[in-house]
Amino acid sequence: MGKYQTFRTSKVSFLIEKRTVWISLILLVLCIVAAIISAGSGGQPISPLNVIKVLLGGGKPMDQVIIEKLRLPRIVIGVLVGASLAVAGAVLQGIIRNPLASPDVTGVTEGASLGAVLFIFLFGGAVSIHWMPLFAIAGALLMTALLYVLAWKRGVEPLRLVLVGIGVSAAIKSVSYMLIISGPMALAQRSLTFMTGSIYGTSWDKDVMTLLPWVLILLPLTWLQARNVNIQALGDDVASSAGARVQRQRLLLIALSVGLAGAAVAIGGAIAFIGLMAPHIARKLVGSSFGSVVPVSALLGALILLVADVVARTAFLPNDVPAGVLTAAIGAPFFMYLLYRNRNRS
């Protein structure tokens with residue numbers, strides 16, 4: 001029991017590895033440091049000391065406006081989007097039993113993107129953006145349903161689900177680009193930025209308050225499914241012999257992953273590869289137990305997106321490059337590395 005820390009309330013008791021606790025604390029500190037650096041970076045630099053003063057309720061009035069109104073919502077969205085994409089990827093990798101699986105590789109992100117692009121083109125600002133996550137999640141759910149139908153053959157095998165997802169993802173992306181090309185220039189520009197993935201121009205009421213409820217509900221629900229993911233990772237035959245309802249559990253887990261990815265894509269756009277990188281790094285740090293992977297993946301996803309956003313918007317001043325460009329630049333070689341390693345193992 002020395003490896004574990006026990007947490008108890010009046011009704012709930014659970015164990016978590018001490019290694020996971022310490023790594024989570026270290027990542028949390030790194031996220032706070034990245035957030036402070038992000039809040040002080042930009043066309044109007046602010047020192048970390050002045051950033052801390054503003055966060056504590058003091059500081060110069062101009063610094064307060066810049067940080068509280070412009071930069072802090074962007075930081076919060078970066079944390080929420082990064083954590084959601086990372087945990088969604090962790091779920092898919094756990095149930096598909098493949099480190100190459102992620103929302104963008106299996107097509108979930110593309111389905112969510114298509115739903116959001118349709119929302120932009122159908123309503124063009126006439127309807128509150130608070131409805132966009134529903135459209136994105138609906139697109140992701142339809143994409144997932146299509147994957148299930150095409151991959152079903154006396155059940156859904158993980159490898160077949162990935163292969164079908166890659167093919168359908170390419171087709172869905174082409175539909176999104178056809179809508180962008182055929183639409184008005186202003187909406188096309190907005191949609192192209194969305195397809196790249198960016199957290200630029202976010203606000204408290206329009207973006208943070210739209211995404212926050214989804215994350216607060218879905219992340220804990222996903223963590224509570226840790227036992228089912230661990231059983232799924234053993235394989236369908238072993239899971240069935242242990243009494244698990246494999247297909248029902250897999251459908252629920254995919255629905256949670258789709259909800260997280262769809263809500264994140266609705267606000268942050270199609271930011272690529274966080275759902276691939278963060279869970280893979282998390283398993284290297286804390287092992288394969290899903291109860292440990294979820295919090296570490298969430299913190300890693302938040303950290304990756306915060307760092308990517310800071311670099312993307314400061315390295316090319318006065319241009320504000322979308323964060324999705326940098327995550328793709330990092331994630332593509334990472335994906336090729338995983339492909340190469342898996343090929344050598346096989």
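The figures that follow rest on heavy atoms only: side chains count, while hydrogens, waters and symmetry mates do not.
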S.K.: Nearest 0.5 Å, what's the CD1-NZ distance between I23 and K18?
M.R.: 14.5 Å
S.K.: Who passes salt bridge (charged side-chain N to carboxylate O under 4.0 Å, His left out) against K173, sequence neighbours left out?
M.R.: E110
S.K.: Over all heavy atoms of both residues, which pair between I199 and G268 is shortest? Give the atoms and the distance, please.
M.R.: CG2-CA, 4.3 Å
S.K.: Should we say atom CH2 of W131 is surrounded by more than 12 heavy atoms from elsewhere, each under 6.0 Å from it?
M.R.: no
S.K.: As an exercise, state the distance from OG1 of T327 to CD1 of I304, rounded to the nearest 0.5 Å.
M.R.: 9.0 Å
S.K.: Less than 4.5 Å apart, side chain to side chain, heavy atoms only: is that true for L92 and P103?
M.R.: yes
S.K.: Any donor-acceptor pair under 3.5 Å linking the side chain of S297 with the backbone of V294?
M.R.: no
S.K.: Side-chain contact, heavy-atom cut-off 4.5 Å: I254 with R250?
M.R.: yes
S.K.: Report the distance from atom CD1 of I77 to atom CG of L306, rounding to the nearest 0.5 Å.
M.R.: 11.5 Å
S.K.: Taking D63 for its side chain and G59 for its backbone only, find out whether a donor-acceptor pair lies under 3.5 Å.
M.R.: no
S.K.: Do P73 and V76 come within less than 4.5 Å of each other through their side chains, counting heavy atoms only?
M.R.: no
S.K.: Nearest 0.5 Å please: distance from the CG atom of L70 over to the CD atom of Q44.
M.R.: 11.0 Å
S.K.: Look only at the side chain of S174 and the backbone of A171, and say whether a donor-acceptor pair between them is shorter than 3.5 Å.
M.R.: yes
S.K.: Kindly determine whether N228 and F290 satisfy side chain to side chain contact (heavy atoms under 4.5 Å, CB included), including the steps that lead there.
M.R.: CA-CA 9 Å; N228 290 336; F290 193 72; over 6 Å; no
S.K.: Under 4.5 Å between side-chain heavy atoms, hopping through other hydrophobics if needed: is there a path connecting I36 to V310?
M.R.: no
S.K.: Work out which heavy atom in L326 is nearest to a heavy atom in A308; give both atom names and the distance.
M.R.: CD2-O, 3.3 Å
S.K.: Assess, by modelled atom type and distance only, whether the side chains of S47 and N50 contain a donor and an acceptor separated by less than 3.5 Å.
M.R.: yes
S.K.: For S38, which residues count as a side chain to side chain donor-acceptor pair (under 3.5 Å) partner, sequence neighbours excluded?
M.R.: R313
S.K.: Please check if the side chain of T202 supplies one atom and the backbone of R74 the other of a donor-acceptor pair under 3.5 Å.
M.R.: yes
S.K.: Does any part of the side chain of L285, heavy atoms only, come nearer than 4.5 Å to the side chain of L300, both counted from C-beta?
M.R.: yes
S.K.: Dump the intermediate steps for side chain to side chain contact (heavy atoms under 4.5 Å, CB included) on M132 and T210, then the final yes or no.
M.R.: CA-CA 9 Å; M132 186 182 283; T210 299; over 6 Å; no
S.K.: Check whether any side-chain N or O of R71 sits under 3.5 Å from a backbone N or O of S41 as a donor-acceptor pair, and report yes or no.
M.R.: yes
S.K.: So do F334 and L276 actually touch side chain to side chain, heavy atoms under 4.5 Å?
M.R.: yes
S.K.: Working note: L27 + V296, criterion side chain to side chain contact (heavy atoms under 4.5 Å, CB included); need CA distance, chi angles, decisive distance, verdict.
M.R.: CA-CA 8 Å; L27 290 173; V296 175; 3.7 Å; yes
S.K.: Is the shortest heavy-atom distance from the side chain of P295 to the side chain of W223 under 4.5 Å?
M.R.: yes
S.K.: Working to the nearest 0.5 Å, report the span between OG of S113 and CD1 of I172.
M.R.: 10.5 Å
S.K.: Determine whether I32 and V51 fall in the same hydrophobic cluster, where Ile, Leu, Val, Met, Phe, Trp and Tyr are linked whenever their side-chain heavy atoms lie under 4.5 Å apart.
M.R.: yes
S.K.: State plainly whether one hydrophobic cluster holds both I37 and V321, where clusters connect Ile, Leu, Val, Met, Phe, Trp and Tyr through side-chain heavy atoms under 4.5 angstrom apart.
M.R.: no
S.K.: With sequence neighbours left out, write down each residue that passes side chain to side chain donor-acceptor pair (under 3.5 Å) with R283, or none if nothing qualifies.
M.R.: Q93
S.K.: Please answer whether the main-chain N or O of A88 pairs with a side-chain N or O of S257 as donor and acceptor at a distance below 3.5 Å.
M.R.: yes
S.K.: Do L142 and V168 share a hydrophobic cluster, counting only Ile, Leu, Val, Met, Phe, Trp and Tyr and linking them when any side-chain heavy atoms are less than 4.5 Å apart?
M.R.: no
S.K.: For a quick test of reading the model, state the closest non-hydrogen atom pair linking I271 to I274 and the distance between them.
M.R.: CG2-CD1, 3.8 Å
S.K.: Do P220 and L216 have side chains that approach each other closer than 4.5 Å (heavy atoms only, starting at C-beta)?
M.R.: no
S.K.: Identify the two heavy atoms, one from A328 and one from P333, that lie closest to each other, and give their separation to 0.1 Å.
M.R.: O-CD, 4.3 Å
S.K.: A34 and L303: which non-hydrogen atoms are nearest, and at how many Å?
M.R.: CB-CD1, 4.0 Å
S.K.: Rounded to the nearest 0.5 Å, how far does CD1 of I52 lie from CD1 of I46?
M.R.: 12.5 Å
S.K.: Using a 4.5 Å cut-off on heavy atoms from C-beta on, say whether the side chain of I267 contacts that of W214.
M.R.: no
S.K.: Check the hydrophobic clustering (I, L, V, M, F, W, Y; side-chain heavy atoms under 4.5 Å; chains of links allowed) and say if V29 and L299 are grouped together.
M.R.: no
S.K.: Take F121 and L118 through the side chain to side chain contact (heavy atoms under 4.5 Å, CB included) test and state the conclusion after the steps.
M.R.: CA-CA 5 Å; F121 275 80; L118 281 172; 5.8 Å; no
S.K.: Considering all heavy atoms of both residues, which atom of T20 and which atom of S292 are nearest to each other, and what is their separation?
M.R.: OG1-OG, 2.9 Å
